[in-house]
Each structure stands twice: as structure tokens, then as C-alpha cells.
Amino acid sequence: MRQLRRDASTSRGAKAPRFGRHDGSVWGKLARTSVGAGAMIQFLQSLVDGLMIGSAYALLALGFTLIFGVLRRLNLAYGSSILVGAFAGAAVFAQWKLGGWAVAAATLAAAVVAGIYVERLCFWAMRKGAAIASMVSSFAVWMQLEELLALLFPERTLSFPAVVERSVFVLGPFQFRTEYVAMFALAALLMAGLEWTMRATRFGLAVRAVTEHPEAARAMGVPVARIAFWAFVVASAIGGAAAYLMAAAEEQVTLHSGMQLTFTGLVAMMIGGIGSLRGAVLGGLMLGVVETLAQAHLGASGRELAAFGLLFLLLVLRPGGLLAQDFAARDAAALRRV
Amino acid sequence: MLEIADIVTAYGKIEALKGVSLKVEPGKITCLLGPNGAGKTTLMMTVAGILKPRRGSVRFEGRELASAAPRRIVESGIALVPENRLVFPNMTVAENLAAGAFTRSDSAGIAEDIARVYARFPRLQERSSQAAGTLSGGEQQMLAVARALMVRPKLLLMDEPSVGLAPLVVEEIFRIIRDLNRDGTTIFLVEQNAHMALQVAHYFYLLELGKVTFSGAPGQIAEDEVIQRAYLGSKK
């Protein structure tokens, strides 16, 4: 993932002299005539890049928030379980030189299997109300899965097939990188699919009911444990898709990106508001934009500084996240209206 | 219709119900009164299958339901209107009703029942695409009742439907309870508002500290004494 972001910064500004300020187009002339306009275009370019990277973050946050919503427990093994998926995809690629769908299928399948392992061990087996035990054991499983990958893949960094051939195309004053556009398009498609599932299917209805009031859902005959299991499976598949898209964009996968995946998903979820699916999308996109802007203006070290600064600021100003699920306040408001 | 015999339900070592026995007759409104902490909600949750009793039996139309899964209990014709309503606040009114019908798969029948509850509660129809969290307290209580009606229950368990509502709204809720009963639904009602409850109940039980201490028809003892004991427990 580090690689991915470094690439993002090289695609614009001074390191890509063929485009932007120095090219012969109308936009280039405009950029030359005023420094302000150039800065504006650079800002907008960062915005575009950030939204594209942010779409993958949004997927991670969606997986996190889906699990948290249904179980009210934090799954710290999330990043490492989907990393298992990415490594499985890379192994299929290395072994049989298969690309595209085969690698995507292997990534998703292995992420789901690892997710089920985490769910059975850290969540299903734990007693009700043992949220801390679940979190701590998911931390243990995180370490366990990473060590397992280190054992199986001593080289620690594997190459990954791209979704589309890397190139850059220009639209107006902006440059678009094909692998980002593909990532954004596929992520958007997945999010639309998830939104539809949550709105229009019986399963989605049950997941939302369990997220809002597990006791009431149980009283209506919703099998809460089974819904939690399937929500975990869906979240793992979404996480697997995010890992696939990110690995395909940077054409490699490394062992230490497990932690990055966990933190990115966690931060994006908390920015948007824990338990809110729209919040997760918003948080992911926002994190992508802020990171890209910080990278452009402050360099690599500024990126994480900005990400955690944003989280800190939001936690102080809006502790529940941007789209906080403040049921208690809403109930009180309803009582006042009577 | 519903026979509860010697039910013991415990939270860890603390027994909230210490051998409760009572009966709900078909077609009637049976009311359970008692002070805070008497175990009223625990009994409702036990009947609904959300809490598992340590011992005792819950028989509904002759079938044993103690420790049965909530789904089976719902399918046998018992629906719960939970304490504090617990409507799904970010889901629309229509989605709340659909969630109430989760155990059913006959979409034509579900659509018919949605039309039926809208006819009973026109205000819910007006707000069908509004998020349930934006409704007033009284409307939320109506929605909680409507949601429970989506499984066409023979027995409706209502856990403190009047709590937190303004007096006029409470009267409306009790009118709804009476209407539902007149239309053939048996009702088992837990209430703090003893005065209102005694007006609609055909029979009532007093629950104190996990035990039934009195039962009878309203009028069998002075309302003052019932209210005294329902709010404060017995004088000793």
C-alpha cells in the first residue's frame, strides 16, 4: 500500500512534465498564466486521486462496520484475514500464471475462509457480552495469520497481476491512471451491490434489524447468530475485493500491509461513524483525499500525520463519527415531541 | 391458552423469577402488574424465548415452548411488543413492518397484512417511507404494535406500552389494546400504569420480587391497594 501511495504522488506535478502546467493545451496555458489556477488544478488532481484510492478504503471500512454493527465487537484480525486472501491470489498467479478472474476468485475465496476461521474462533465461540475477549483473541489471530503467511511465503513480497494495463490518460486538465480508474469503478460497483443487498433483500433487512436492535430482531424470529455469520462472510468477501483491487493497482502484495489494511479500515470507519454503511463510504473517501493531499504537500510522513490528525480532530468534535448512530439522543427527542 | 408453571429464570446467580405460575385465557386481556424489579420484563422475555428459563414450563395451546427458539415461538402464534418499543430507528416504517414478517415467506399474505395494519393505523401509512426514529413516541408505539401484528399473532405480549408517553397518547394506546382484543387477539400485558391497566384487564396478576402474590379480576380488591402494591410492593 505504501507503494501505491508513492505512485500516486509521482503521477502529477513536476515528475510528470508531459502534463499539466508544462503541456501545450489550453489548460496548460491557463495553469501558466496564474499560479493560483495551477495550484487549483493540482488540488483538484489530488482530490481525484484521493477519491480513487479512497474507494478501496471505503470497502475496507464497509467490511469493518458490517461486522461491528452486527456483533458490536471489533475484529482486529480483519486486515490479516483478507491479507491471507491476497497472498492466495498471488500464489495462484505465481504457480499457474493465471490472471484476472482466477486470481480474484482465489483472493476472495481465501479471504472468506480466513474470515470464517476468525468468526468461529474469536466470535462464535466467545460468550455473549465477552466483547473484550473477542477483541483480544482477534488480535492473537491477527499475529497468528501473519506468522503463518511469513512461514508459507519466506520471500514476504509477491507480485500480483494488474486488472488493466498501466497507463495514464488525460481528460481536460486532469490525468487519470487506468489502474485507479479500474479500482474506483469496481469498488463503486461493489458498493452499489452491497447497498442493493442491504435495501432489497431479506438478508439485508435482517442485518440492519440486528444492527439496530438485536433483542427486537431476535424476538421477531431473526436467527441472530446465523445472520452474524453470514455478515462476517460478506464482510470478508468485501475485504478480499478491497485487497485484490489494492494489490492489483500496485502489482504486488507485501506481508506488512496487513497492519495497514486494518488501520486504514478502522480509521475510515471511525471517521464515518461506527455501524453506519454510508458513513463507512464517506470516511473511506475522505481518508483517501486527506492522505493524498497531505502526501502532495507534506510528503510521505505527512500522510499518516494527516490521517491520524483527522481522526483525532473528528473524535474530539464528533465522537461518534460523521454519521453517528446516536440512538439515545434520538429516542429522547422522540419523547420530547410527544 | 398460555400456561406458565413454576418458571425460574436467573441472571447468573440471581433468580429474577422464583417459580412463577399463571394462566392467560383465550380472548381475554390478562395483565401483570408489579413494582420495578419484580421480574415482569424477565417473564415476557422468557415467554418470547429470548431468555431461557432454568426450570418450569411454558405451554401454549398445549405445546411446550420453554427454551424453544424465538422463531418457533413466533411461528406458533406469539408476538412480542418489547419494552421501550425498540423500533428500528434508521429503517423506514415499511421496512420495520417487513422485518416483523421475517419468519414469513408468503409475499402476497405479507402485502395483505401490511395493508391491514395501515388500515388500522392510518398515521403509519402516511409515514410509511419515513425513518422510524423520526416518529413521535406514540407513533413509535403504534409501529411496535403493528410490527408485532405482522405475524398474525394469536397472543400478543405487550411489555409496558404506556411507558414514557403523554396521558392522551396513553389513552390512545389503551384504546388500541381494547380494539385488538375485541377483534380476537388475546393480550398479555405488563404495565406500570395500574390505573389504566385495571380498566382494560379481564384478569390480573401481581408480581412482587419474582413471585405472584395476588391474582383476581379487577374489582376483587380495592384499586388503591393494587396501585400501592404495584408501585411500592407490599407493606410488611
Side-chain angles (χ1 to χ4, degrees), chain A residues 65-66 69-70 127-130 195-227 230 272-280 320-338, chain B residues 41 44-45 47-51 69-76 78-92 94-105 107 131-141 144 147-148 150-151 157 159 163-170:
Chain A
T65 209
L66 207 55
V70 170
R127 279 193 309 132
K128 248 197 333 194
E195 171 80 9
W196 180 83
T197 306
M198 298 306 279
R199 302 258 152 226
T201 69
R202 229 165 92 86
F203 169 72
L205 193 71
V207 167
R208 289 163 64 207
V210 172
T211 301
E212 301 203 356
H213 280 308
E215 309 82 11
R218 194 188 297 272
M220 271 164 244
V222 176
V224 173
R226 189 150 23 113
I227 294 297
W230 284 106
I274 293 173
S276 158
L277 295 177
R278 296 208 171 150
L322 286 175
L323 301 183
Q325 303 269 61
D326 199 348
F327 300 137
R330 207 179 282 176
D331 284 351
L335 284 179
R336 275 198 302 277
R337 272 200 301 275
V338 180
Chain B
T41 294
M44 284 301 203
M45 303 277 261
V47 176
I50 294 163
L51 294 174
R71 186 184 182 113
R72 226 191 101 209
I73 292 170
V74 168
E75 282 170 347
S76 67
I78 299 178
L80 172 72
V81 180
E83 190 182 13
N84 297 321
R85 311 178 264 281
L86 304 188
V87 295
F88 304 119
N90 291 316
M91 288 160 59
T92 64
E95 285 170 337
N96 269 270
L97 295 178
F102 181 80
T103 54
R104 297 173 60 181
S105 46
S107 45
T134 64
L135 301 182
S136 73
E139 289 163 348
Q140 289 192 15
Q141 187 62 61
R147 188 177 62 176
M150 288 306 295
V151 290
L157 308 172
D159 195 350
V163 74
L165 299 180
L168 272 177
V169 183
V170 171

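Small disclaimer: the values here were computed from a predicted structure and weren't measured. Lettering follows sequence order; numbering is per chain, from 1.
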Within a strict 4.5 Å, meaning less than it, do heavy atoms of the A:Glu212 and B:Asn90 side chains meet?
->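 A:Glu212 vs B:Asn90: side chains touch.
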
Are any of the side-chain heavy atoms of B:Pro89 and A:His213 separated by less than 4.5 Å?
->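 A side-chain contact exists here, since the closest heavy-atom pair is under 4.5 Å.
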
With a 4.5 angstrom heavy-atom cut-off, could you sort out which part of [X] is near chain A: side chain, backbone, both or neither?
| X | value |
| --- | --- |
| B:Val87 | backbone |
| B:Arg72 | neither |
| B:Ala98 | both |
| B:Ala79 | neither |
| B:Leu80 | side chain |

Minimum-distance pair of heavy atoms, taken over all atoms of [X] and [Y]:
| X | Y | value |
| --- | --- | --- |
| A:Ala206 | B:Phe102 | CB-CE1, 3.6 Å |
| B:Arg104 | A:Arg202 | O-NH1, 3.4 Å |
| A:Met220 | B:Thr103 | O-CG2, 3.5 Å |

Would you check if the side chain of A:Arg218 reaches a backbone N or O of B:Pro70 as a donor-acceptor pair within less than 3.5 Å?
->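 No, the answer is negative, given that no donor and acceptor are paired below the 3.5 Å cut-off.
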
B:Arg71, CZ atom: more than 12 neighbouring heavy atoms under 6.0 Å =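 Yes, because the 6.0 Å sphere around CZ of B:Arg71 holds more than 12 heavy atoms from other groups.
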
